[in-house]
Number of protein chains: 2
Amino acid sequence: MDEKDLKIINLLLENGRMSYTDIAKKLGTSESSIRKRVRKLEEMGVIKGYTAIIDPSKIGYNVVALTGFDTEPDKFLSVAKELAKFEEVKKLFTSTGDHMIMAEIWAKDGKEFSDLIFNKLGKIEGIKKICPAIILEQIK
Amino acid sequence: MDEKDLKIINLLLENGRMSYTDIAKKLGTSESSIRKRVRKLEEMGVIKGYTAIIDPSKIGYNVVALTGFDTEPDKFLSVAKELAKFEEVKKLFTSTGDHMIMAEIWAKDGKEFSDLIFNKLGKIEGIKKICPAIILEQIK
DNA sequence: TTTGAAAATTGGCCTAA
DNA sequence: TTAGGCCAATTTTCAAA
């Protein structure tokens with residue numbers, strides 16, 4: 001893990017589909033060197049994968065919310081496990097701070113979102129409080 | 001935008017570097033069909049880009065926090081603009097709910113994080129309150 | 001790092017709906 | 001007119017030396 005690895009990572013963060021050849025050109029080295037470094041970064045778990053960045057509203061998900069969940073301490077894990085089952089829950093974190101669990105949730109519209117929150121997620125055993133923050137705009 | 005486009009998107013969400021040929025195999029169609037659909041999705045802004053998924057702790061960022069910022073209403077935009085300037089602020093959203101601004105912040109360690117929060121971000125004109133939720137584990 | 005073969009990408013052109 | 005199929009040239013990937 002050196003300076004060159006970090007530069008590779010930054011290039012792949014910017015464009016996850018950049019070819020090894022292009023990275024090599026930018027960094028002034030050979031394609032095979034880059035490829036071997038990337039493979040090592042993948043094996044070490046530094047690079048966990050690659051993904052497309054999707055505009056949720058363009059595929060019909062008009063409500064995206066960062067939602068905090070407060071749980072009873074002993075139900076914490078089971079709540080997280082239940083939440084993970086919902087395909088609307090796109091990302092899920094455990095955290096300190098105001099809420100023990102934070103989730104990124106996608107819904108088609110406000111109606112579907114509130115239905116999801118009140119009638120589905122809200123019914124999970126052990127949840128004490130749900131604090132949704134609907135994202136208006138992604139600046140960065 | 002049809003069922004096939006959605007399947008392509010889901011495959012690219014899972015693996016942003018999957019080749020058109022592989023996608024075509026999975027979806028039982030030709031490579032050129034996939035390629036033209038992906039290009040269209042990119043042009044329409046449905047696919048905004050591609051990125052690598054990095055484990056922050058493996059590159060020395062041991063503290064990742066979802067942080068909410070409350071601001072004076074009229075300073076809202078200028079605060080967001082200032083926050084965006086910090087390279088430690090990896091993602092930035094405006095939102096409803098508890099906080100008007102939410103940010104994903106990466107720091108090397110707790111010391112650097114508190115320094116950042118108290119001495120740098122906290123000094124931004126117009127911020128009333130900062131609510132950091134340090135991420136312990138990403139489950140999904 | 002270099003080399004060469006296999007695979008993927010790209011663009012153009014064609015057909016069918 | 002648009003989506004998909006086909007082909008040929010180029011580029012990229014990948015493993016072995």
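Here is how names work: the chains are called A, B, and so on, in the same order as the sequence lines, proteins then strands, and each is numbered from 1. Computed over heavy atoms, backbone and side chain alike; hydrogens, waters and symmetry mates excluded.
- Between B:Asp5 atom CG and D:dG4 atom C1' there is a gap of 13 Å when expressed in whole angstrom units.
- The side chain of B:Arg17 places no N or O atom within less than 4.0 Å of a non-bridging phosphate oxygen (OP1 or OP2) of C:dA8.
- No donor-acceptor contact under 3.5 Å links the side chain of B:Arg39 to the base of C:dG11.
- The separation between B:Glu31 atom CD and C:dG12 atom P is 15 Å, rounded to whole Å.
- Residue B:Arg37 is in sugar-phosphate contact alone, with no base atom involved, counting any heavy-atom pair closer than 4.0 Å across all strands shown.
- Toward the 5' end of DNA chain D, the nearer of the two residues B:Asp2 and A:Ser19, judged by each one's closest nucleotide, is B:Asp2.
- Atom CD1 of A:Ile23 is separated from atom C1' of D:dT12 by 12 Å (rounded to the nearest Å).
- As judged by a 4.0 angstrom heavy-atom cut-off over every strand, A:Lys36 is placed among the base-contacting residues.
- You'll find the side chain of A:Ile101 stays beyond 4.5 Å of the side chain of B:Ile139, heavy atoms only.
- Contact between the side-chain N/O atoms of A:Ser33 and the OP1/OP2 oxygens of C:dT2 is not found at any separation under 4.0 Å.
- Summarising the geometry, the separation between CE on B:Met18 and C1' on D:dT12 is reported as 18 Å, rounded to the nearest angstrom.
- The nearest whole Å value for the distance from the NZ atom in B:Lys25 to the P atom in C:dT9 is 10 Å.
- Note: CD1 (B:Ile8) to P (D:dA3) measures 12 Å, nearest angstrom.
- Here the rule is side-chain contact (heavy atoms from CB on, under 4.5 Å) with B:His99, and of B:Ile130, B:Asp70, B:Thr94, B:Thr71 only B:Asp70 fits it.
- When the nearest nucleotides of DNA chain D are assigned to A:Asp22 and A:Ser32 by heavy-atom distance, the more 5′-ward of the two goes with A:Asp22.
- Phosphate proximity of D:dC6 to B:Ser30: absent, as no side-chain N or O sits under 4.0 Å from OP1 or OP2.
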Item to check | Derivation of the side-chain contact (heavy atoms from CB on, under 4.5 Å) call for B:Glu82 and B:Ile127 | outcome: CA-CA 11 Å; B:Glu82 283 304 308; B:Ile127 290 183; over 6 Å; no
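- The phosphate of D:dA3 (OP1 or OP2) has no side-chain N or O of B:Lys4 nearer than 4.0 angstrom.
- Looking at heavy atoms from C-beta onward, A:Arg17 lies in side-chain contact with B:Leu12 at the 4.5 angstrom threshold.
- Note: CD1 (A:Ile34) to P (D:dA15) measures 17 Å, nearest angstrom.
- In this structure, the side chains of B:Asp115 and B:Glu112 stay at 4.5 Å or more apart for every pair of heavy atoms.
- In this structure, the CE atom of B:Met1 is 12 Å from the P atom of D:dA3, given to the nearest Å.
- Proximity note for B:Arg35 (side chain, C-beta onward) versus D:dT12, C:dA8, C:dG11: the nearest is C:dG11.
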